[in-house]
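As structure tokens, the structure follows; a few thoughts come after it.
In what follows, every heavy atom counts, from backbone to side chain, and hydrogens, waters and symmetry copies are set aside.
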Amino acid sequence: MASGAGPQLPDIVSGWAVERPGPVASGPLVTVRRALPGPGPGELAVRVEACGVCRTDLHLAEGDLAPHRRSTVPGHEIVGRVAATGSGVSGFRVGDRVGGAWLRETCGACRYCRAGRENLCPASRYTGWDADGGFADAALLPADYAYPLPGDRDATQLAPLLCAGIIGYRALRRSALPPGGRLGIYGFGASAHLAAQVALAEGATVHVLTRSAQARQLALGLGASSAGDAYGRPPEPLDAAILFAPVGDLVPVALAALDRSGTLAVAGIHLSDIPPLTYQRHLFHERNLCSVTSNTREDGREFLRTAARIGIRVTVSPYPLSRAPQALADLAADRVHGAAVLVPG
């Protein structure tokens, strides 16, 4: 194990784990203190500077996603400094700033991995679901799935890029938005407010539809052409749409707003049931409906380059790590402005 003049790792990691999934009011998160083993081969031991709070963390805490292991520390938008490296690590040194994201491991050998579609690997594993994540003051990350990050930016500004940003970017690409096209965004939280900026930088017209008045103001401030109620009608037909809200009732609403050959991409890992669709109204004229599943590492690299190039603006609501349950409760109640981020210490 290599170590040096970088940040010191605690002997005991303090954080939060999902003990008994259920509504946030039932207290699914409990405090934990655990010994942190040294990094194994190919691993980085990271002192956490910030960790974004993703809606997937909420789905895990509330049981919408079945736990893969008991008492797992959630959090997969991790920004930290390398404190130690395991054997075989190249490309990272002690003191480097790195990011840990949702995709943690793939087999590298299946037909999906070989075709550059590792997000569909049947053996894929995920940070904060299959292994402890960043709702803690330290974490272990596989070096091959970590991202180098600039050391001179506020860690809270970087954390949401690692899932909200990457998944929003993949959803934007899955929506097949044509150059200069008209994009509808349903729901406007952490992921949506970043994807919107990429679309706007690429010349799109963006219409936002969300139940939150505060989110509508944020959308207009970022350059959206309109911002209305989630169940409303955009002012013009859409060439593409992305559904970020985990609300199946909005699928027919968004499909009906598409122009001919338009595509609706559903960005979440969980969605409530979709009501019946009418072929003529929702799918005819070659309208398309597709899902978004995780991301590839290349998605992450492309998005981080794009975010740096366009000077993406990240709206964050920081919380001390000690208030992780409150951050989840605020996310569940749509009280978070932009992206919630936990800060240890």
Side-chain angles (χ1 to χ4, degrees), residues 39-46 48 50-52 54 56-57 68 74-82 85-86 88-93 96-134 139-151 153 155 157-175 190-191 194-195 198 242 265 267-269 290-310 312 314 339:
E43 284 189 328
L44 307 172
V46 173
V48 177
C51 183
C54 179
T56 300
D57 299 318
H68 280 182
H76 53 274
E77 298 178 330
I78 303 169
V79 176
R81 298 278 181 176
V82 177
T85 62
V89 170
S90 61
F92 293 105
R93 297 182 299 176
D96 286 349
R97 180 177 265 174
V98 298
W102 177 236
L103 186 68
R104 186 180 185 87
E105 183 181 346
T106 58
C107 73
C110 70
R111 65 189 183 99
Y112 300 106
C113 288
R114 295 197 308 271
R117 303 169 69 195
E118 63 183 4
N119 61 306
L120 300 178
C121 174
S124 56
R125 299 176 73 245
Y126 301 95
T127 305
W129 196 11
D130 295 292
D132 286 345
L140 296 175
L141 299 175
D144 286 346
Y145 291 79
Y147 297 94
L149 295 176
R153 285 196 62 184
Q157 295 283 308
L158 292 170
L161 303 181
L162 292 163
C163 181
I166 294 171
I167 291 297
Y169 181 81
R170 184 170 182 85
L172 180 62
R173 296 296 176 244
R174 290 280 288 163
S175 77
S191 195
L194 300 174
V198 176
I242 307 172
I269 193 172
C290 70
S291 65
V292 179
T293 300
S294 186
N295 64 276
T296 67
R297 283 171 285 179
E298 185 56 30
D299 291 330
R301 290 187 284 263
E302 285 182 9
F303 169 70
L304 291 171
R305 288 193 296 266
T306 299
R309 177 175 54 80
I310 69 175
I312 205 162
V314 186

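At distances below 3.5 Å, not a single donor-acceptor pair connects side-chain atoms of Glu43 with backbone N or O atoms of Thr85. Although no hydrogens or angles enter the test, the distance criterion places no donor-acceptor pair under 3.5 Å between the side chain of Ser175 and the main chain of Ile242. Looking at Arg174, its side chain never comes within 3.5 Å of a backbone N or O of Thr293 through a donor-acceptor pair.
No donor-acceptor contact under 3.5 angstrom links the side chains of Tyr112 and Thr106, judged on distance only.
In terms of heavy atoms, Cys107 sits closest to Cys121 at N-SG, 3.4 Å.
By the side chain to side chain contact (heavy atoms under 4.5 Å, CB included) test, Val46 is found to be paired with Leu44, Val98, Leu141, residues two or more places apart in sequence or in another chain being considered. In this structure Arg97 satisfies the salt bridge (charged side-chain N to carboxylate O under 4.0 Å, His left out) test together with Glu49, sequence neighbours excluded. Under the side chain to side chain contact (heavy atoms under 4.5 Å, CB included) criterion, Thr56 pairs with Cys54, Leu60, Leu65, His76, Trp102, Ile269, sequence neighbours left out. For Arg305, the side-chain hydrogen bond (donor to acceptor under 3.5 Å, both in side chains) test picks out Glu298, with sequence neighbours left out. Asp130 pairs by the side-chain hydrogen bond (donor to acceptor under 3.5 Å, both in side chains) definition with His68, not counting sequence neighbours.
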CA sep, side-chain torsions, deciding dist, call: Ile166, Tyr147, side chain to side chain contact (heavy atoms under 4.5 Å, CB included)
CA-CA 12 Å; Ile166 294 171; Tyr147 297 94; 4.2 Å; yes
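For the pairing with Leu162, the side-chain contact (heavy atoms from CB on, under 4.5 Å) check across Ile78, Leu149, Ile167 returns one residue only, Leu149.
Counting only residues at least two apart or in different chains, salt bridge (Lys or Arg N to Asp or Glu O under 4.0 Å) contacts with residues 114-128 comprise Glu105-Arg125, Glu118-Arg297.
From Thr296, atom OG1 reaches atom CD of Glu302 across 7.0 Å, with rounding to the nearest 0.5 Å.
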